[in-house]
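What follows is a single structure, written as structure tokens, with notes after it.
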Amino acid sequence: QEHYGGLNGLTVTWIGDGNNILHSIMMSAAKLGMHLRIATPKGFEPDLRITQITEQYSKEYGTKLLLTTDPLEAADGANVLVTDTWISMGQEEEKKERLKAFQGYQITMQTAKSAASNWTFLHCLPRKPEEVDDEVFYSPRSLVFQEAENRKWTI
């Protein structure tokens with residue numbers, strides 16, 4: 001909202017794991033008027049109950065929801081590209097399997113070519129290079145440090 005002046009009509013794309021951060025976005029995006037496009041590998045989809053609620057919210061608030069396994073399809077037309085860690089606390093023993101499953105999900109400038117001309121990037125940190133490359137992470141389009149600073153005020 002701070003960057004775009006409002007949230008209504010924005011398209012947010014999540015590329016990565018169907019984790020708690022995605023669940024929070026799913027539960028709020030439609031209520032704020034945002035379209036949501038989600039790309040996760042097979043087996044790493046968001047919780048089915050959350051997905052069903054999100055589908056209902058999308059209908060209720062007139063927003064679009066896409067779930068896919070194709071990161072470029074999800075990035076198409078996105079104003080905001082978002083990812084998070086692929087290996088959360090307690091999943092360290094799954095690292096090798098997860099890194100294999102998430103091959104092709106790294107957010108790069110190639111991913112951003114599918115996005116809207118005003119795209120930005122978010123990540124709730126800490127970030128690993130396999131999730132987003134340096135070119136995107138440190139680009140002027142990256143709002144990760146403003147995001148981290150804003151989080152301080154909500155704590």
Checklist line | Polar side-chain atom of Glu131 near backbone of Lys128 as donor-acceptor pair, under 3.5 Å | finding: yes
Item checked: For Lys42 against Thr69, the heavy-atom pair lying closest together -> CG-CG2, 3.9 Å
Check: If you group Ile, Leu, Val, Met, Phe, Trp and Tyr by side-chain heavy-atom gaps below 4.5 Å, do Val136 and Val144 land in one group?
Finding: yes
Next item on the list: Find the distance between OG1 (Thr108) and CG (Asp134) and round it off to the nearest 0.5 Å.
Entry: 12.0 Å
Next item on the list: Could you check Glu73 against Arg37 for side-chain contact (heavy atoms from CB on, under 4.5 Å), going step by step and ending with a plain yes or no?
Entry: CA-CA 9 Å; Glu73 179 184 13; Arg37 301 172 69 84; 4.2 Å; yes
Next item on the list: Mind checking the NZ-CD spacing from Lys113 to Gln110? Nearest 0.5 Å is all I need.
Entry: 4.5 Å
Note to self: To the closest 0.5 Å, what do you measure between CZ (Arg151) and OG1 (Thr154)?
What the structure shows: 7.5 Å
Next item on the list: Would you mind checking if Asp84 and Arg127 are paired as a salt bridge, meaning a charged N to carboxylate O distance below 4.0 Å?
Entry: no
Notebook entry, point to check: What pairs of residues pass the ring-ring contact (aromatic ring centres under 6.0 Å, His included) test when at least one of them lies in residues 120-152, not counting sequence neighbours?
Noted result: Phe137-Phe145
Next item on the list: Would you list the pairs meeting ring-ring contact (aromatic ring centres under 6.0 Å, His included) in which at least one residue belongs to residues 70-100, sequence neighbours left out?
Entry: Trp86-Phe102
Item checked: Side chain to side chain, Thr51 and Glu45, heavy atoms closer than 4.5 Å -> no
Item checked: Nearest non-hydrogen partners of Ala78 and Ala115, listed with the distance -> O-CB, 3.4 Å
Check: Taking Gln106 for the side chain and Pro129 for the main chain, is one N or O donor matched with an acceptor at less than 3.5 Å?
Finding: yes
Item checked: Pair Glu2-Asn150, side-chain donor/acceptor within less than 3.5 Å -> yes
Next item on the list: Starting from the C-alpha separation in whole Å, work towards a yes-or-no answer on side-chain contact (heavy atoms from CB on, under 4.5 Å) for Tyr105 and Glu130.
Entry: CA-CA 8 Å; Tyr105 282 77; Glu130 61 265 13; over 6 Å; no
Note to self: Once rounded to the nearest 0.5 Å, what's the spacing between atom CG of Leu81 and atom OG1 of Thr111?
What the structure shows: 7.5 Å
Next item on the list: Determine whether Trp119 and Asn79 make a side-chain contact, defined as any pair of heavy atoms from C-beta on separated by less than 4.5 Å.
Entry: no
Item checked: Under 3.5 Å: donor-acceptor pair, side chain of Ser58, backbone of Thr63 -> yes
Check: At their closest point, which heavy atom of Ala74 faces which heavy atom of Leu66, and how far apart are they?
Finding: CA-CD2, 4.3 Å
Margin query: Taking transitive links into account, so neighbours of neighbours count too, which hydrophobic residues share a cluster with Val82 at under 4.5 Å side-chain distance?
Written below: Tyr4, Leu7, Leu10, Val12, Trp14, Ile21, Leu22, Ile25, Met26, Met27, Leu32, Met34, Leu36, Ile38, Ile50, Ile53, Tyr57, Tyr61, Leu65, Leu67, Val80, Leu122, Leu143
Margin query: To the nearest 0.5 Å, what is the distance between OG on Ser88 and CD on Glu94?
Written below: 9.5 Å
Item checked: Nearest atoms (heavy-atom pairs only) where Ala39 meets Pro71 -> CB-CA, 3.7 Å
Item checked: Distance (rounded to the nearest 0.5 Å) between Thr13 OG1 and Ile15 CD1 -> 6.0 Å
Notebook entry, point to check: Is Met109 close to Ser139 at the side-chain level, that is, under 4.5 Å between some pair of heavy atoms?
Noted result: yes
